[in-house]
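Working notes, beginning with the structure itself.
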Amino acid sequence: MAYLLAVDRFADGGVNCCLVEQTIHSLASGKVTTMEMEKLVSLCKRRGFLFQSSEIYGGLNGFWDYGPLGVELKRNIKGAWWRDMVTGHDDLSISPGAPETYDMTGLDCTIIMHPNVWKASGHYDLFHDMMVDCRQTNKRYRFDQVRGRWAEAKGQKVFVTTVAENEQQEIERQAQKLFKIRAKNADEISWDGAITTLDQIDDLSQVLGPDAGELGTLTEPREFNLMFKTIVGAMGTEEDAAFLRPETAQGIFVNFKNVVDSTRVKIPFGIAQVGKSFRNEITPRNFTFRSREFEQMEIEFFCHPDSSQDWYKYWRDRRMKWYTDLGLSGDRLILREHDADELSHYSTGTADIEYAFPFLPAGEYGELEGIAHRGDFDLRSHMEGKLDEKSNPLEVQLGADGKPKWRGSGKDLTYRNPETNERFTPHVIEPSAGADRATLAFLCEAYTEDEQPDEKGKPQTRTVMRFHPRIAPIKAAVFPLVKKDGMPEIAKDIYRELKQHCNVFYDEKGAIGRRYRRQDEAGTPFCITVDGETLQDSTVTIRDRDSLDQWRVKADDCVAELMKRLS
RNA sequence: GCGGGCGUAGCUCAAUGGUAGAGCCACAGCCUUCCAAGCUGAAGAUGAGGGUUCGAUUCCCUUCGCCCGCUCCA
């Protein structure tokens, strides 16, 4: 609902008063957040931003299609990212906040990679969780994270479990509750063996779940495949199993040496990639926010370990600014540094850029992008093999046979500074953004209702998508005021001329006010109208979507005027 | 995956164990000289599958999807 607070960025920079009033009203009535989100979802479908995938067959949970307007919006967002991060990057100057100059280059790698990529990276183990559900409390636990101990009292022997940090204390408390024994008589319970994980227990009927009040409420462990599995080869068997990538990043690490060897880039430099990724989410929810097929915009930035901390701060702030420059309001966007206990020990910093999506409860934010200092974790993994994330310093995780659980490539992915001859494993800063989430945030931010007078001066509710002109699906619409007196012909000429430069739309049907309102809903920032005056002095009006201001320019100057205002 | 709620036209809403109505939008035409105007016309729906029944949109079952909570996450 606070997206109704949208600041009028294109007119006078002031806050529209009636919007504020609406917001206050909304806050008072509680459920409005969902209602407002429904309006956006409805508009997205009605105007062709987003459709449910396979809708005529009943839809498919967690998959979404971009319609004619949506594809332009998303393309513009990805295009702006690529231009701002890669092709538009000035490698000759020191960017504000950066320690020194750096290079940027791109990559587009496959969605299906060698299965060992995911074993070495850790995704294979991480994404094959065994889970147990509690029938009584409907809670779900990672099978290997449930820990417990055998307890015996009143002639009954049970395995009491917990997932809490203070496990001994929690297990005792649970046991006392189950046996109905007061804390002062705690020694009536006898304990057998040390605390072990649940996967050591054969009979789940003797297990007390972490939050349960009775025995045997835990289901058998079930496998959750968070990576989509597929088969390579027409006659493929399980031996030929491969995975759709759950992130684009690994393709960059795997190609690190190729890029260094083929492009003359020197550290520090970044490799960018935009592409689809796939995660078999347990619960896709909240429109496109958590989709099973989604698109990422990722950079892996390689630098010397000594300067990595400065680069981390640079990218964190740079990425935050990118969103605000494209119109996300500072009110709804936060940069959240992870606390020390949230960080993996090999990371010296991770920050999330989060947006207060209207479908979230007040005060909660959804992640748009994570900027992580990953140290040398990834390159080392692909050299040596899967690292044990709990080891410190990091070591290769060994299997039961004492050999690496998952072997790496064995290739040398270190970097030699050609000037100093110093050889080192680069550290990595990873700004990883969700293209669909960014698109959704821009949609939410843009959605605005205001009141504008109709032709009789009566205030009417107007729905307008206030996209930044850079990402607006349609940049301008061209109208003849009426469909006669040669106006359509002049308008069509202007339309064809503009089409050479950007996405424009021509419409001559119906009343002019209706055509303006239609463009407001599509988020078109400018409308150009050919009217009676055009016939005399060859000027046309340009109408601003947000302020409704109109001004006249020579028809021949339309392109220049638009280009100036679209950048 | 579990628990609760919900599925009628593009949207908002009616109705019924017996021909599913309306408004808005969109479409065609007329009229229109700047913010969803008017007139005329045409078009459009019971999420899917099965069962009960002479007959099901209505009753029953299954399934799919959406919303809320748990779990996972960019």
Side-chain angles (χ1 to χ4, degrees), chain A residues 31 34-35 37-39 41-43 45-48 51-63 126-127 129 131-142 163 211 219 222-224 226 246-249 277-292 294-298 352-354 359 361 366-370 372 430-438 452-464 479-485 487 509-521 527 529-535 541 543 545 548 550:
Chain A
K31 258 287 190 202
T34 310
M35 295 303 294
M37 193 61 205
E38 280 169 13
K39 282 187 186 173
V41 172
S42 167
L43 182 143
K45 179 175 182 189
R46 184 160 41 85
R47 295 308 310 263
F51 306 124
Q52 201 177 8
S53 168
S54 320
E55 190 185 283
I56 62 169
Y57 284 100
L60 188 58
N61 197 354
F63 296 89
L126 186 69
F127 281 11
D129 291 336
M131 309 287 284
V132 290
D133 291 323
C134 178
R135 295 189 195 88
Q136 184 190 13
T137 63
N138 287 326
K139 285 180 183 283
R140 167 171 297 157
Y141 313 95
R142 284 262 301 271
V163 287
D211 301 284
T219 61
R222 287 182 286 213
E223 187 181 6
F224 279 74
L226 266 28
E247 62 171 41
T248 54
S277 292
F278 303 81
R279 292 190 186 189
N280 211 350
E281 295 291 345
I282 298 169
T283 310
R285 199 67 60 96
N286 289 330
F287 206 17
T288 62
F289 184 76
R290 185 171 304 150
S291 298
R292 288 177 162 146
F294 57 101
E295 198 154 15
Q296 292 183 298
M297 307 186 290
E298 290 199 300
D352 286 344
I353 295 171
E354 300 180 334
F359 48 76
E367 183 176 350
L368 295 181
E369 171 161 354
E430 177 186 80
S432 169
D436 305 273
R437 288 185 172 186
Q452 300 295 347
D454 63 14
E455 62 171 359
K456 298 184 185 99
K458 211 176 93 185
Q460 298 282 347
T461 300
R462 177 180 78 133
T463 302
V464 50
F479 308 143
L481 183 58
V482 289
K483 201 165 52 176
K484 61 181 187 185
D485 298 340
M487 291 181 202
K509 298 195 181 74
I512 188 74
R514 176 182 299 251
R515 283 178 269 163
Y516 283 143
R517 295 296 169 87
R518 275 199 280 245
Q519 292 307 311
D520 290 339
E521 273 194 346
C527 292
T529 303
V530 170
D531 59 12
E533 216 176 311
T534 312
L535 306 174
T541 64
R543 176 249 198 198
R545 174 193 66 201
L548 273 59
Q550 278 183 295

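Throughout, protein chains are lettered first and strands after them, A, B, ... in sequence-line order, and every chain is numbered starting at 1.
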So do the side chains of A/R47 and A/R518 get within less than 4.5 Å of each other, counting heavy atoms only? yes
Rounded to the Å, how far apart are A/R46 CZ and B/rG44 P? 22 Å
Just checking A/T534: base, sugar-phosphate only, or nothing, at a heavy-atom cut-off of under 4.0 Å? nothing
Atom CD of A/E55 and atom C1' of B/rG47 are separated, to the nearest Å, by 10 Å
Under 3.5 Å: donor-acceptor pair, side chain of A/D485, backbone of A/M487: no
Could you give the distance separating B/rC31 and B/rA37 at their C1' atoms, to the nearest angstrom? 11 Å
Suppose you measure atom P in B/rA26 against the same atom in B/rG21; what distance do you get, rounded to whole Å? 24 Å
A/I512, nearest nucleotide to its side chain (from B/rC34, B/rU32, B/rC72): B/rC34
Working note: A/D520 + A/R517, criterion side chain to side chain contact (heavy atoms under 4.5 Å, CB included); need CA distance, chi angles, decisive distance, verdict. CA-CA 5 Å; A/D520 290 339; A/R517 295 296 169 87; 3.7 Å; yes
Donor-acceptor contact present, side-chain A/R279 to main-chain A/R290, <3.5 Å: no
For B/rC59 versus B/rU46, give the span between their C1' atoms, rounded off to a whole number of Å. 15 Å
Using atom C1' of each nucleotide, how far apart are B/rU8 and B/rG44 to the nearest Å? 13 Å
Counting only N and O atoms by type, is there a donor-acceptor contact under 3.5 Å from the side chain of A/R514 to the main-chain atoms of A/K509? no
Starting at CG of A/D531, measure out to CZ of A/F479 and round the result to the nearest 0.5 Å. 13.0 Å
A/K484 has an atom NZ; how far is it from atom P of B/rC30, in whole Å? 12 Å
Determine whether a donor-acceptor pair (N or O, by modelled atom type, separation under 3.5 Å) exists between the side chain of A/R292 and the backbone of A/E281. yes
Need one value for A/F287: base, sugar-phosphate or nothing, where a base atom within 4.0 Å counts as base even if backbone is also close, heavy atoms only. sugar-phosphate
Which listed nucleotide (B/rC34, B/rC11, B/rC73) is nearest to the side chain of A/E281? B/rC73
Which one, B/rC72, B/rC34, B/rC35, comes nearest to the side chain of A/T541? B/rC34
Protein-nucleic acid N or O pairs under 3.5 Å, nucleotides 26-29 of chain B:
from: B/rA26; atom 1: OP1; to: A/R518; atom 2: NH1; distance (Å): 2.4
from: B/rA26; atom 1: OP2; to: A/R514; atom 2: NH1; distance (Å): 2.5

Round to a whole Å and report the spacing from CG of A/N286 to P of B/rC70. 12 Å
With the side chain of A/D531 defined as its heavy atoms from C-beta on, choose the nearest nucleotide among B/rA36, B/rC34, B/rU32. B/rC34
How do A/V482 and A/S42 order along RNA chain B: which one's closest nucleotide is nearer the 5' end? A/S42
Rounded to the nearest Å, what distance is computed from the CZ atom of residue A/R285 to the P atom of nucleotide B/rC66? 9 Å
Can you tell me, in whole Å, how much space there is between the P of B/rC30 and that of B/rG47? 39 Å
Which atom pairs link the protein and nucleotides 62-65 of chain B when you take only N or O atoms and keep those under 3.5 Å?
from: B/rC64; atom 1: O2'; to: A/G58; atom 2: O; distance (Å): 3.0
from: B/rG65; atom 1: OP1; to: A/N61; atom 2: N; distance (Å): 3.0
from: B/rG65; atom 1: O4'; to: A/G58; atom 2: O; distance (Å): 3.1
from: B/rG65; atom 1: O3'; to: A/Q52; atom 2: NE2; distance (Å): 2.7
from: B/rG65; atom 1: O2'; to: A/Q52; atom 2: NE2; distance (Å): 3.1

Starting from P on B/rC66, measure out to CZ on A/F359 and report it in whole angstrom. 14 Å
Distance, rounded to the nearest Å, where A/R515 contributes CZ and B/rC25 contributes C1': 17 Å
Remember a base hit wins even if backbone is also touched, and classify A/E295 as base, sugar-phosphate or nothing at under 4.0 Å, heavy atoms. nothing
Taking the nucleotide of RNA chain B with the nearest heavy atom to each, does A/F294 or A/R462 sit closer to the 5' end? A/R462
So, using side chain to side chain donor-acceptor pair (under 3.5 Å) as the criterion, who are the partners of A/E295 when residues are at least two apart? A/K74, A/K78
Figure out the CD/C1' separation between A/E38 and B/rC6, and round it to whole Å. 11 Å
Pairwise P distance for B/rA48 and B/rC11, with rounding to whole Å: 14 Å
Roughly how far apart, to the nearest Å, are B/rC2 and B/rA9 at atom P? 28 Å
Can you tell me how far P in B/rG23 sits from the matching atom in B/rU40, rounded to whole Å? 12 Å
Is the A/F359 to A/F287 ring centre distance short of 6.0 Å? no
From B/rU33, B/rC34, B/rG69, nucleotide with atom closest to A/D485 side chain: B/rU33
For a quick check, tell me whether the side chain of A/R290 and the base of B/rC73 share a donor-acceptor pair closer than 3.5 Å. yes
Under the side chain to side chain contact (heavy atoms under 4.5 Å, CB included) rule, what do A/L548 and A/R462 come out as? Steps first, then yes or no, please. CA-CA 12 Å; A/L548 273 59; A/R462 177 180 78 133; 3.1 Å; yes
Residues in side-chain contact (heavy atoms from CB on, under 4.5 Å) contact with A/T463, at least two apart in sequence or another chain: A/L43, A/Y447, A/E449, A/E521
Could you tell me which residues satisfy side-chain contact (heavy atoms from CB on, under 4.5 Å) with A/Q296, sequence neighbours excluded, listed by chain and number? A/E247, A/T248, A/S277, A/F294, A/E298, A/S432
Reading 5' to 3' and counting Watson-Crick or G-U wobble pairs with both distances under 3.5 Å, write the dot-bracket notation for RNA chain B, | for bases paired outside the strand. (((((((..((((....[..))))..((((.......)))).....(((((..]....))))))))))))....
Go through A/F63 and A/S54 one step at a time and tell me if the side chain to side chain contact (heavy atoms under 4.5 Å, CB included) criterion holds. CA-CA 9 Å; A/F63 296 89; A/S54 320; over 6 Å; no
